[in-house]
**Student:** 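Next up is a structure, given as structure tokens.
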Number of protein chains: 2
Amino acid sequence: MKYTVAFMKRYGQACAIARALDVVGERWSLLLVRELTFGPRRYRDLATGLPGIPSNVLTGRLKELQAAGVVTRRALPAPTDVTVYELTGAGRALQPILDDLLDWGLRYGPEPSQDDAGQPGWALLGGVGRPSALPEGQTCELRVGLEGFYLSSDAGKLTVRRGPAPDGDAVVTMPADTLYSLVTGQTTVTDAVRHSTVNGDTEIARRALEPLAAALTRPAPNN
Amino acid sequence: MKYTVAFMKRYGQACAIARALDVVGERWSLLLVRELTFGPRRYRDLATGLPGIPSNVLTGRLKELQAAGVVTRRALPAPTDVTVYELTGAGRALQPILDDLLDWGLRYGPEPSQDDAGQPGWALLGGVGRPSALPEGQTCELRVGLEGFYLSSDAGKLTVRRGPAPDGDAVVTMPADTLYSLVTGQTTVTDAVRHSTVNGDTEIARRALEPLAAALTRPAPNN
DNA sequence: CGGAATCCTCTTCGATACTG
DNA sequence: CAGTATCGAAGAGGATTCCG
């Protein structure tokens, strides 16, 4: 049995940017972190959230990121008996980098291709951190296809996690297309709600969805 | 002759983060952008600023980044007859990403190794954008080893470019070690000036160097 | 001499098959 | 379900050669 953990070749530069890239600069690494931003996930979830990643590469990246202290592997308590991967503090601290990459990609990135893969979670990425009028403590569950999220507000900013809302004040079930239209600015919150099924407080739902509106519109290039 | 420009395999995801990484996610790409942050550079400068990069990889990355609109290639006017590479608007827009990577690398990155390469320019990266008390229009030239920079202030924030200061109000010649001590917080501005040769207005020099002080200190981990 | 392009080797990636 | 194993293809690393 081989114990070799395949570390990427270091740049060997006494520069903090290079040292950061020593850890997260490899192919797939930052996308793997992206997949963990809404909470812990299992190996299988990660594999489907990263379409095209070979299983050996996923395993390798998980090992490297664990060695670097970005990700931890944890076994959930007894009955479920399932192991999940989740971000450490250092991993959560990568969020600003992902946010900036998202902004840059929207403005300057290549046009998305017609047959690119899409996932509901990716549509929510642009909304986190935006101002939310959702009262503290109120939560809204959002169901899109087979995936569920819950939206809440922390210090006036939208927070998204995976899973059912613990105390959902509203449950919105929305087609994926409607969600994409909403975040790309082609649909208003009002229209998105109209195309959804809402259980519970519609006003809460409306406020929870508000930060998602046009969150992924491509800003006008300024040069 | 082959016209194939070796494009990195795209992730094929309809996610702005993935599309950004399609452009700048390859090995060396962001470091190449880093090398251009202080202004245009020649092929040779880039090669020495990226120790270890094979020449074919450098050529390839330059082509890809040009194709993506991040970098332009330009021939300097007649007498010099030299071609340089420089950032476009899209390339300069990558700055926040580099800044965040730098912050993250300082706090969570691997310890720098003893035999890592070091360059004066890398030491200045942490200072740009910091508040500067340098009066608008005043500039200070900083010479470290064979490399020269000029520091100025734009809207109260430090700006760094390569080359001699056009109208230098002060010229500071500093040993590389002193610069590293300054940015890592082991030396104060006063001590750094004491170990340097200053021509011109010492007060201007002091104010120009101020934002560099402790710019690359590793922040205390908060968990 | 600066600015690349070419070889060649070796590692990593991608795709698929396989196992505890 | 959560990974290993295998193998061809692609890309990185290093040195050398070419060209204007």
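Chain A is the first sequence line, chain B the second, and so forth, proteins listed ahead of strands; every chain is numbered from 1.
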**Student:** Using OP1 and OP2 only, check whether a side-chain N or O of Arg61(A) sits under 4.0 Å from dC13(C).
**Tutor:**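 For dC13(C), OP1/OP2 do have a side-chain N/O of Arg61(A) under 4.0 Å.
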
**Student:** Can I get a per-line list of side-chain donor-acceptor pairs under 3.5 Å for residues 28-35 of chain A, giving both atom names and the distance, sequence neighbours left out?
**Tutor:**
{"unit_1": "Arg34(A)", "atom_1": "NH1", "unit_2": "Gln13(B)", "atom_2": "OE1", "d": "2.8"}
{"unit_1": "Arg34(A)", "atom_1": "NH2", "unit_2": "Gln13(B)", "atom_2": "OE1", "d": "2.8"}
{"unit_1": "Glu35(A)", "atom_1": "OE2", "unit_2": "Trp122(A)", "atom_2": "NE1", "d": "2.8"}

**Student:** Whole-Å distance between dC1(D) C1' and Leu58(A) CG?
**Tutor:**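 Those two atoms, CG and C1', are 13 Å apart.
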
**Student:** Tell me, please, which residues at least two apart from Tyr180(A) pass side chain to side chain donor-acceptor pair (under 3.5 Å).
**Tutor:**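 Scan of Tyr180(A) (side chain to side chain donor-acceptor pair (under 3.5 Å), adjacent residues dropped) gives none.
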
**Student:** Within the pair Trp28(A) and dG14(C), is there a side-chain N or O less than 4.0 Å away from OP1 or OP2?
**Tutor:**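 For dG14(C), OP1 or OP2 has a side-chain N or O of Trp28(A) closer than 4.0 Å.
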
**Student:** Take nucleotides 15-20 of chain D nucleotide by nucleotide from the 5' end and write B, S or -, depending on whether a protein heavy atom sits under 4.0 Å from the base, only from the sugar-phosphate, or from neither.
**Tutor:** B-----

**Student:** Determine which pairs satisfy side-chain hydrogen bond (donor to acceptor under 3.5 Å, both in side chains) with at least one residue from residues 47-59 of chain B, sequence neighbours left out, and list them in order.
**Tutor:**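 Sorted result for residues 47-59 of chain B: Tyr43(B)-Thr59(B).
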
**Student:** For dG14(C), does OP1 or OP2 lie under 4.0 Å from any side-chain N or O of Tyr11(B)?
**Tutor:**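 For dG14(C), neither OP1 nor OP2 has a side-chain N or O of Tyr11(B) closer than 4.0 Å.
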
**Student:** Counting side-chain heavy atoms from C-beta on, which of dA12(D), dC13(C), dA4(C) comes nearest to Val57(B)?
**Tutor:**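 Closest nucleotide to the Val57(B) side chain: dA12(D).
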
**Student:** Atom CD of Gln66(A) to atom C1' of dA2(D): distance rounded to whole Å?
**Tutor:**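 Rounding to the nearest Å, CD of Gln66(A) and C1' of dA2(D) are 13 Å apart.
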
**Student:** If the cut-off is 4.0 Å, is Arg73(A) near the phosphate of dG3(D), judged by side-chain N/O to OP1 or OP2?
**Tutor:**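 Yes, within the criterion.
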
**Student:** Apply side-chain contact (heavy atoms from CB on, under 4.5 Å) to the pair Arg19(B) and Glu111(A), showing each step before the final yes or no.
**Tutor:** CA-CA 8 Å; Arg19(B) 287 189 288 125; Glu111(A) 291 292 336; 5.9 Å; no

**Student:** Which of residues 35-53 of chain B sit near DNA chain C, with a heavy atom under 4.0 Å from it?
**Tutor:**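 Arg42(B), Tyr43(B), Arg44(B) - these, ordered by number, are the residues of the stretch whose heavy atoms sit under 4.0 Å from the strand.
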
**Student:** Let me check something: any side-chain donor-acceptor pairs from residues 162-175 of chain B under 3.5 Å, sequence neighbours excluded? List them with distances.
**Tutor:**
{"unit_1": "Arg162(B)", "atom_1": "NH1", "unit_2": "Glu147(B)", "atom_2": "OE1", "d": "2.6"}
{"unit_1": "Asp169(B)", "atom_1": "OD2", "unit_2": "Thr139(B)", "atom_2": "N", "d": "2.9"}

**Student:** Only counting residues at least two apart or in another chain, list the ones meeting side chain to side chain donor-acceptor pair (under 3.5 Å) with Arg130(A).
**Tutor:**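 Side chain to side chain donor-acceptor pair (under 3.5 Å) list for Arg130(A), sorted by chain: empty.
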
**Student:** Could you give the CG-to-P distance, from Leu62(A) to dG3(D), as a whole number of Å?
**Tutor:**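 In whole Å, dG3(D) P lies 8 Å from Leu62(A) CG.
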
**Student:** Side chain of Glu26(B) only, please: which of dA12(D), dG3(C), dA4(C) is the nearest?
**Tutor:**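 Taking heavy atoms from C-beta onward, the closest nucleotide is dA12(D).
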
**Student:** Side chain to side chain donor-acceptor pair (under 3.5 Å) with Arg42(B): which residues, sequence neighbours excluded?
**Tutor:**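 Listed in chain order: nothing, the list is empty.
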
**Student:** Quickly work out the Arg74(B) CZ to dG3(C) P distance and round it to whole Å.
**Tutor:**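 In whole Å, dG3(C) P and Arg74(B) CZ are 14 Å from each other.
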
**Student:** Can a side chain N or O of Lys63(A) be found less than 4.0 Å away from OP1 or OP2 on dA2(D)?
**Tutor:**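 No, no such contact exists.
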
**Student:** Under the side chain to side chain donor-acceptor pair (under 3.5 Å) test, which residues partner Thr184(B), sequence neighbours left out?
**Tutor:**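 For Thr184(B) the side chain to side chain donor-acceptor pair (under 3.5 Å) partners, ignoring immediate neighbours, are Gln186(B).
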
**Student:** Give, for atom SG of Cys15(B) and atom CG of Leu98(A), the distance between the pair rounded to the nearest 0.5 Å.
**Tutor:**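 Taking SG in Cys15(B) and CG in Leu98(A), the distance rounds to 9.0 Å.
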
**Student:** Using whole Å, report how far CG of Leu76(A) lies from C1' of dC1(D).
**Tutor:**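 That distance rounds to 14 Å.
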
